[in-house]
Protein chains: 2
Amino acid sequence: MAQKVKLSTIADSLGLSTATVSLALRDSSLVAEVTRERIKQSARDLGYIYNRRAASLRTSKSGILGVCVHDIMNPFFGEILKSVEDELDRRRQTFILCNHHDELAKQRSFVDTMLQLGADGLILSPAIGTPASDIHLAEENDLPVTLIARTIEGSGVCGFRGDDAYGMGLAVDHLIGRGHRSIAMIGGTAMTSTGRDREAGYRAALKRGGIEFRDEWRVEGPRDRHSGFDAVSAFLAIEKRPTAIVCFSDLVALGVMYGLSRAGLRPGVDIAVIGYDDIDEAAIATPALTTVANGQSEVGRRAAGALLDRLQGLPASEETILITPELKIRQSSEFAWPN
Amino acid sequence: MAQKVKLSTIADSLGLSTATVSLALRDSSLVAEVTRERIKQSARDLGYIYNRRAASLRTSKSGILGVCVHDIMNPFFGEILKSVEDELDRRRQTFILCNHHDELAKQRSFVDTMLQLGADGLILSPAIGTPASDIHLAEENDLPVTLIARTIEGSGVCGFRGDDAYGMGLAVDHLIGRGHRSIAMIGGTAMTSTGRDREAGYRAALKRGGIEFRDEWRVEGPRDRHSGFDAVSAFLAIEKRPTAIVCFSDLVALGVMYGLSRAGLRPGVDIAVIGYDDIDEAAIATPALTTVANGQSEVGRRAAGALLDRLQGLPASEETILITPELKIRQSSEFAWPN
DNA sequence: CTGAAAGCGCTTACAG
DNA sequence: CTGAAAGCGCTTACAG
């Protein structure tokens, strides 16, 4: 590579000052139309590359947003990210992705990097065990945070997620309405707000239906397809086997259906299965999976919107917004259960 | 937020110079052990945040690597990313992710951002239609590139991917060995090196087996689960329906299996199905999916390693390294076909 | 409408 | 072992 092209290279080649060049490249009306065009042309010709860190050092704005979630490969997040991305694209913001795998250390190192780069904001699905003070640290250092999918007690920032207790209630109500009297719940952990709320919704619905909860019905843990598959053996070991299963997520449910098939049981015929999230795959799975649509794209769009509004100086909210979920009935829970 | 804490804040509070503080925080042996500790303690106490853009402006190193692929949600990339990440973590490098969705504009905007931030290197699975000149532009501006999964004619940079023609040949040979004489191939496009190579491997294997290829056997296009599912109707419309299907990827194969089941056909019994990639799900799918293990983790690890080596001054290679794939035989192609 | 000058917060020779 | 000074490439008042 030859010499680095900078503002002064352009300025010198045109006999102008760097101030004028800088303004022109940012389309300032302070610079005459003709001059502006000459400058832009010259920048192209010389192969000028804007030095964002110099600019950012001067202005203390970076034009960068961070997005950090625990599992980028989970279609649930995929759908959130897609809508975050669409919203940010629409508003012409660059963003940077991070996958923290629910490891607090990874999340911290990413937040640190964002701080060091002077990122303008952060959209975060917090790792298990994230203390409110981590959020405060970011906020105190001029990094506004918006939470998605999970929220944190006392964080003092706004967040968007589905109404998990209500949504899981819809699923269980539906099964009870179909005649089921023994319903297991597979997956999720009490370490996240999502896990706690979905389990609470499950238990509340059983109670509403006059069904007494039994400890053995609750298979905690699984949060992905593979662990859902593995959990089937624990389920099959339940003494009086439940006739229906609600799962923590679609991914878990799809794994569970694979596992049931492996064991010679037909999901949707021998046993009802319901997922959560309504990911794209739910509709094409065979049998098609009954599930709870969780408003991913609304979560993503609104979270991005809220952050951008705040960056533009609108007042910050501290609210957690709950998106209302919706039951999607498909084959996997279609058949009424004979009592 | 109060006043921003910077090197000079620490220096002033301790009656030292910023030079000493800067050296101490980076563990330079030029600074006395005791002084170093005092400085670090003070930095912690004051809540000092390193300003990476100032440092980077001065040194023109940023300590950041970019990783950009077309589909972050595809487990195939998930596995590559995991091993890239492990390798980078091991060598304590920060990296930034991007999903270009095979849109050249998105990829360019990310590469631009990397250039503007002065990123140290880039690992890229190039979007369809990426011209070699895009790679040259990055390289000329001091952004070393390593390609993964796909390669580009004339890019002049090193790349890592599976030996797709060979791998697809293994799959087709296996089917022929099981007695199949009519084999369809679903998915993939001639616009990527992967698509071209896998199709070439398929055709070569048919020829080796003395089977004449028929146009209608080739269902081009699908590259994800949903489009695999949708392609089943095209497959079922083939006049003399093939007895086996090789798919462009596991995702496509899993969608195809859903679609076949929907149509009342039993994959692995009525029809053989083979995928490509050996993603985690292949082994738990029911029936378990025969597939070609594509060495994702080796691709990721070696690509990251090659880039880091190059950053440390080792000579750049221009080679494309082909990882040798391996056939994994499972239920979905288990049964011999009666001739 | 354009230019000269200061400063963002670091690091790096160079002195001592 | 520590300090004074210059400079990375921008942008922003301030003049003119």
Rounded to the nearest Å, what distance is computed from the [atom1] atom of residue [X] to the [atom2] atom of nucleotide [N]?
| X | N | atom1 | atom2 | value |
| --- | --- | --- | --- | --- |
| B:Leu23 | D:dA5 | CG | C1' | 15 Å |
| A:Leu7 | D:dC10 | CG | P | 4 Å |
| A:Ile39 | D:dC10 | CD1 | P | 13 Å |
| B:Leu25 | C:dG9 | CG | P | 16 Å |
| A:Lys4 | D:dG7 | NZ | P | 19 Å |
| B:Asp12 | D:dT2 | CG | C1' | 15 Å |
| B:Arg53 | D:dC8 | CZ | P | 19 Å |
| A:Lys61 | C:dC8 | NZ | P | 17 Å |

Phosphate OP1/OP2 of [N]: any [X] side-chain N/O under 4.0 Å:
| X | N | value |
| --- | --- | --- |
| A:Arg26 | D:dT11 | yes |
| A:Arg52 | D:dT11 | no |
| A:Ser22 | D:dT11 | yes |
| A:Ser17 | C:dG3 | yes |
| A:Tyr48 | D:dG9 | no |

Would you mind telling me which of [options] lies closest to the side-chain atoms of [X]?
| X | options | value |
| --- | --- | --- |
| A:Leu30 | D:dT11, D:dG9, C:dT2 | C:dT2 |
| A:Ala19 | C:dG3, C:dT11, D:dT2 | C:dG3 |
| B:Asn51 | C:dG9, D:dC10, D:dT2 | C:dG9 |
| A:Thr59 | D:dG9, D:dT12, D:dG3 | D:dT12 |
| A:Thr20 | D:dC10, D:dG3, C:dG3 | C:dG3 |
| B:Ala32 | D:dT11, D:dC1, C:dG3 | D:dC1 |

Salt-bridge test for [X] and [Y]: reply yes if a basic N is under 4.0 Å from a carboxylate O, no otherwise.
| X | Y | answer |
| --- | --- | --- |
| B:Lys40 | B:Asp27 | yes |
| A:Arg302 | A:Glu319 | no |
| A:Arg108 | A:Asp112 | no |
| A:Glu87 | A:Arg90 | yes |
| A:Arg223 | A:Asp71 | no |

Does D:dA4 have a Watson-Crick or wobble mate here (both distances under 3.5 Å), and if so which one?
none

If C:dA13 has a Watson-Crick or G-U wobble mate with both distances under 3.5 Å, name it; if not, just say none.
none

Under the side-chain hydrogen bond (donor to acceptor under 3.5 Å, both in side chains) rule, what do A:Thr192 and A:Arg150 come out as? Steps first, then yes or no, please.
CA-CA 7 Å; A:Thr192 66; A:Arg150 297 173 178 169; 4.6 Å; no

Sugar-phosphate, base or nothing in reach of A:Gly15, heavy atoms under 4.0 Å:
sugar-phosphate

What's A:Thr35 touching, base or sugar-phosphate or nothing? Going by heavy atoms closer than 4.0 Å.
sugar-phosphate

Contact nearer the 5' end of DNA chain D, comparing B:Glu33 with B:Leu57
B:Glu33

